[in-house]
Amino acid sequence: SEDCSARFSTAIIVPYRKREEQLHAFLTYMHNYLRQQRIHYRIFLVEQYDQKPFNRAKLFNIGSVIAAELEFPCLILHDVDLFPMNLGQLYACTQKPRHMSSALDIFRFTLPYRGLFGGVVAIRTHQYRFINGMSNLFEGWGGEDDDFFNRLYSHKIDICRFEPSCSTYTMMRHKPEKRNEARLGL
Ligand code: UDP
Ligand code: BGC
Ligand code: MN
């Protein structure tokens, strides 16, 4: 009704290239899931449309600028192949940036290492801006999420997670991407 407004407004940013089957499943599943959470949201699909190595971080940076222009206060940085299995993982920002996909089926629902900060992350738009977003230098698979974690740490911004029972996700299976051998050096 007219006097009913959502409590949270969220920009969901999805980096994307050539994952058609996953994208279809993602949109179908997420629109249903998010409707049940009764939040205001918009999904920003940011597509890399060239043959160069995939740059996940740069796509998030692009999406964050557009979401900021539209005055979304909260960003959720989201892999296209991850599906929340529990409605308790509210698609809204906590005060601290939050690692949302911390109980992932392919990792047997446990966190492989303390600093894992990939998959799905919620962060306030001003915090993302404050740390100057993610690095544009990571091409191909790996490392950009670890660098993101380190950026927050070096700006003294703590992260958080919900308990595992609210953080279960499943990943659609796919072939592994070519690793970026330069990732550790970067
Ligand atoms: N991605 C994509 N096309 C690619 C590579 C990656 O769309 O060719 C996006 C997609 O959102 C994917 C995310 O980047 O979920 C992370 O890549 P990937 O799933 O290969 O990494 P994983 O987390 O499975 O190691
Ligand atoms: C990579 C990360 C990746 C993680 C889990 C790490 O070795 O650097 O980018 O998210 O493994 O797959
Ligand atoms: Mn994946």
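From a predicted model like this one, the values you see are computed outputs, not experimental measurements. One-based numbering, in listed order, for ligands and for the atoms of each.
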Asp81, N/O/S atom nearest the Mn ion (ligand 3) =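 When I compare the N, O and S atoms of Asp81, OD2 is nearest to the Mn ion (ligand 3).
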Name of the His174 N, O or S atom nearest the Mn ion (ligand 3)?
->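 Output for this pair reads NE2.
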Would you call the rings of Phe148 and Tyr128 parallel, tilted or perpendicular if under 30° counts as parallel and over 60° as perpendicular?
->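 Perpendicular: the ring planes of Phe148 and Tyr128 meet at over 60°.
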Look at the aromatic rings of Phe44 and Phe72 and report parallel, tilted or perpendicular, splitting at 30° and 60°.
->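 The arrangement is perpendicular - the two ring planes meet at more than 60°.
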Counting only heavy atoms not in His24, do more than 12 sit closer than 6.0 Å to its NE2 atom?
->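 12 or below, so no.
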Per atom 9 (O) of ligand 2, closest listed option by heavy atom (Asn180, Asp145, Asp147) =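 Minimum heavy-atom distance to atom 9 (O) of ligand 2 goes to Asp145.
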Pick, from Phe117, Phe138, Trp141, the option with the minimum heavy-atom distance to atom 7 (O) of ligand 2.
->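 Closest candidate by heavy-atom distance is Trp141.
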Side-chain touch [X]/[Y], heavy atoms, less than 4.5 angstrom:
{"X": "His174", "Y": "Gln22", "answer": "yes"}
{"X": "Val46", "Y": "Val14", "answer": "no"}
{"X": "Asp105", "Y": "Thr168", "answer": "no"}

Atom 8 (O) of ligand 2 - nearest protein heavy atom and its distance |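 Going atom by atom, the protein heavy atom closest to atom 8 (O) of ligand 2 ends up being Asp146 OD2, 2.6 Å.
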Which atoms of ligand 2 sit under 4.0 Å from any heavy atom of Tyr113?
->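 What qualifies from ligand 2 is 2 (C), 4 (C), 6 (C), 11 (O).
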Provide the number and element of each atom of ligand 2 under 4.0 Å from a heavy atom of Gly142.
->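 Near Gly142, the atoms of ligand 2 are 9 (O).
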Give a yes or no on whether a salt bridge exists between [X] and [Y], defined as a side-chain N under 4.0 angstrom from a carboxylate O.
{"X": "Arg56", "Y": "Asp79", "result": "yes"}
{"X": "Glu163", "Y": "Arg98", "result": "no"}
{"X": "Arg17", "Y": "Asp50", "result": "yes"}

Does ligand 2 have an atom that lies less than 4.0 angstrom from a heavy atom of Gly118?
->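 The answer is no: ligand 2 sits nowhere under 4.0 Å from a heavy atom of Gly118.
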Sub-3.5 Å N/O-N/O distance, Leu116 and ligand 2 |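 No, there is no polar N/O contact under 3.5 Å.
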Check ligand 1 for close polar pairs with the protein: N or O on both sides, less than 3.5 Å.
{"from": "ligand 1", "atom 1": "3 (N)", "to": "Arg17", "atom 2": "O", "distance (Å)": "2.7"}
{"from": "ligand 1", "atom 1": "7 (O)", "to": "Arg17", "atom 2": "N", "distance (Å)": "2.9"}
{"from": "ligand 1", "atom 1": "7 (O)", "to": "Arg17", "atom 2": "O", "distance (Å)": "3.4"}
{"from": "ligand 1", "atom 1": "8 (O)", "to": "Glu177", "atom 2": "OE2", "distance (Å)": "3.4"}
{"from": "ligand 1", "atom 1": "11 (O)", "to": "Pro15", "atom 2": "O", "distance (Å)": "2.8"}
{"from": "ligand 1", "atom 1": "11 (O)", "to": "Val80", "atom 2": "N", "distance (Å)": "3.0"}
{"from": "ligand 1", "atom 1": "15 (O)", "to": "Val80", "atom 2": "N", "distance (Å)": "3.4"}
{"from": "ligand 1", "atom 1": "15 (O)", "to": "Asp81", "atom 2": "OD1", "distance (Å)": "3.0"}
{"from": "ligand 1", "atom 1": "15 (O)", "to": "Asp81", "atom 2": "OD2", "distance (Å)": "3.3"}
{"from": "ligand 1", "atom 1": "19 (O)", "to": "Arg19", "atom 2": "NH1", "distance (Å)": "3.3"}
{"from": "ligand 1", "atom 1": "19 (O)", "to": "Asp81", "atom 2": "OD2", "distance (Å)": "2.9"}
{"from": "ligand 1", "atom 1": "19 (O)", "to": "His174", "atom 2": "NE2", "distance (Å)": "3.1"}
{"from": "ligand 1", "atom 1": "20 (O)", "to": "Arg19", "atom 2": "NH2", "distance (Å)": "2.8"}
{"from": "ligand 1", "atom 1": "21 (O)", "to": "Trp141", "atom 2": "NE1", "distance (Å)": "3.3"}
{"from": "ligand 1", "atom 1": "24 (O)", "to": "His174", "atom 2": "NE2", "distance (Å)": "3.1"}
{"from": "ligand 1", "atom 1": "25 (O)", "to": "Trp141", "atom 2": "NE1", "distance (Å)": "2.7"}

In Å, rounded to the nearest 0.5 Å, how long is the span from CZ of Phe130 to CZ of Arg124?
->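 If we round to the nearest 0.5 Å, Phe130:CZ and Arg124:CZ are 15.0 Å apart.
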